[in-house]
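The sequence lines fix the lettering, A, B, ..., with proteins before strands; numbering per chain opens at 1.
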Amino acid sequence: MPELPEVETIVRDLEPRLTGRILRAPRLFKPDVLRRVSPRRLLATLARNRIEQVTRRAKHVVLRFKSGHRMVVQPGMTGNLLVYDRPLTAPERRYVVFLSKLDGKATFVYRDVRRLGRVWLLDEAGWRSYTARIGPEPLAPEFDAVAFAARFRGTRQAVKKALMDQQRLAGVGNIYANEALFRAGIDPSRPANRLGPVALANLHREVRAVLGEAIAAQGTTLRDYRTGTGRRGGFQFALHVYGRGGQPCPRCGTILQTTHLIDGRATTFCWRCQRGP
DNA sequence: ACGAGGTCCTGCGAGC
DNA sequence: TGCTCGCAGGACCTCG
């Protein structure tokens, strides 16, 4: 579930707790999350290395180290990244994928129940090609309605699928795609290249608005997501359509429909409010 | 270029 | 109570 707002919240929590810290005795418990790096090389590179910067790219947490390497963690659906200032309890030790003592008493932990998360270790060149394959950040100041429209012009894909395509736009997953389309009044199944300028402008505005509001609420906790300090988010109480199939539309009262016809994922919408112009 | 569908992974809730 | 089954989801893959 960690989409852009959840990962942004995690990064804001981790940044002051990790920046400048040195990893002591990193340990990997679930090597199957690694991509294009061996456990031995990951641990050898990270041991005694200093974290210089903690940032977010799309749905990924990016730790940049003094050696120039970046550890990229994509928390997948059930991943949690946390810094503990005390020893972990037994339940907290369950599902730990990666863990490292920091200089001082703190411990940095990546937990992931379902292990749909992934970890990469990239050098400078690897990072450049990695980030180049991901679409623009929707909250970047320069990402205006014109830039947004340009990303959706060329495809007949359903607009919801296009919104969630990370090569087209970074960070939007199922929850916020559903919410933004509802708020913009757009049918999720509509081919992206058939959206008019007004619909595109509305969608650009609502994508940014819903992501911004969700960050302010520290993300959406449905089950597993926690912030970087272990708290639940608050945006689950502000969702209009996601997870509300069969309930009345908050705008017009029509019963919200859920289908799995778009890319096999749960899509909830109001057929009355979301009929494109 | 595009869509459909399989794979990974585990917990949970529905149904029998 | 105890079992099986389907679902949750994003990224990546193959096939047609």
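Across all strands, A:Asp32 comes closer than 4.0 Å only to sugar-phosphate atoms, never to a base (heavy-atom distances).
Proximity of A:Thr258 to A:Phe269: side-chain heavy atoms (C-beta onward) are nowhere separated by under 4.5 Å. Contact annotation: the side chain of A:Asp224 approaches that of A:Arg114 to within less than 4.5 Å [non-hydrogen atoms, C-beta and beyond]. By the 4.5 Å heavy-atom criterion applied to side chains, A:Leu121 and A:Arg41 are counted as neighbours. Proximity of A:Arg70 to A:Glu124: side-chain heavy atoms (C-beta onward) are separated by under 4.5 Å at one or more points.
Rounded to whole angstrom, the span from the CD atom of A:Gln166 across to the C1' atom of C:dC12 amounts to 13 Å. Atom C1' of nucleotide C:dA11 and atom CD1 of A:Ile134 are separated by 11 Å, given to the nearest angstrom. Taking atom CD of A:Gln74 as the reference point, atom C1' of C:dA11 lies 6 Å away to the nearest angstrom. Residue A:Lys59 contributes atom NZ, which lies 10 Å from atom P of C:dC12 at whole-angstrom precision. Whole-Å rounding puts the A:Arg115 CZ to C:dA8 C1' distance at 17 Å. Rounding to whole angstrom units, CG of residue A:Asp224 and C1' of C:dG10 are separated by 14 Å. Between the CH2 atom of A:Trp120 and the C1' atom of C:dG10 there is a distance of 10 Å, rounded to whole Å. What separates CZ of A:Arg223 from C1' of C:dC7 is a distance of 10 Å, to the nearest Å.
A:Glu92 and A:Arg86 are joined by a salt bridge, as a carboxylate oxygen and a charged side-chain nitrogen come within less than 4.0 angstrom of each other. Salt bridge status for A:Asp103 with A:Arg21: present, with a side-chain N to carboxylate O gap under 4.0 Å. Classification of A:Lys59 and A:Glu6 as a salt-bridged pair fails, no side-chain N sitting under 4.0 Å from a carboxylate O. The existence of a salt bridge linking A:Glu52 and A:Lys66 is excluded, since no basic side-chain nitrogen approaches an acidic carboxylate oxygen closer than 4.0 Å. Taking a cutoff of 4.0 Å between a charged side-chain nitrogen and a carboxylate oxygen, A:Asp85 and A:Lys105 do not qualify as a salt bridge.
On the nucleic acid side, DNA chain B has its first and last nucleotide under 4.0 Å of a heavy atom of chain A at B:dC2 to B:dC12, going 5' to 3'.
Of the residues in residues 256-267 of chain A, those placing a heavy atom less than 4.0 Å from an atom of DNA chain C are A:His260, A:Arg265, A:Ala266, in numerical order.
Of the residues near DNA chain C, A:Arg114 and A:Gln167, the one whose nearest nucleotide (by heavy atom distance) lies more toward the 5' end is A:Arg114.
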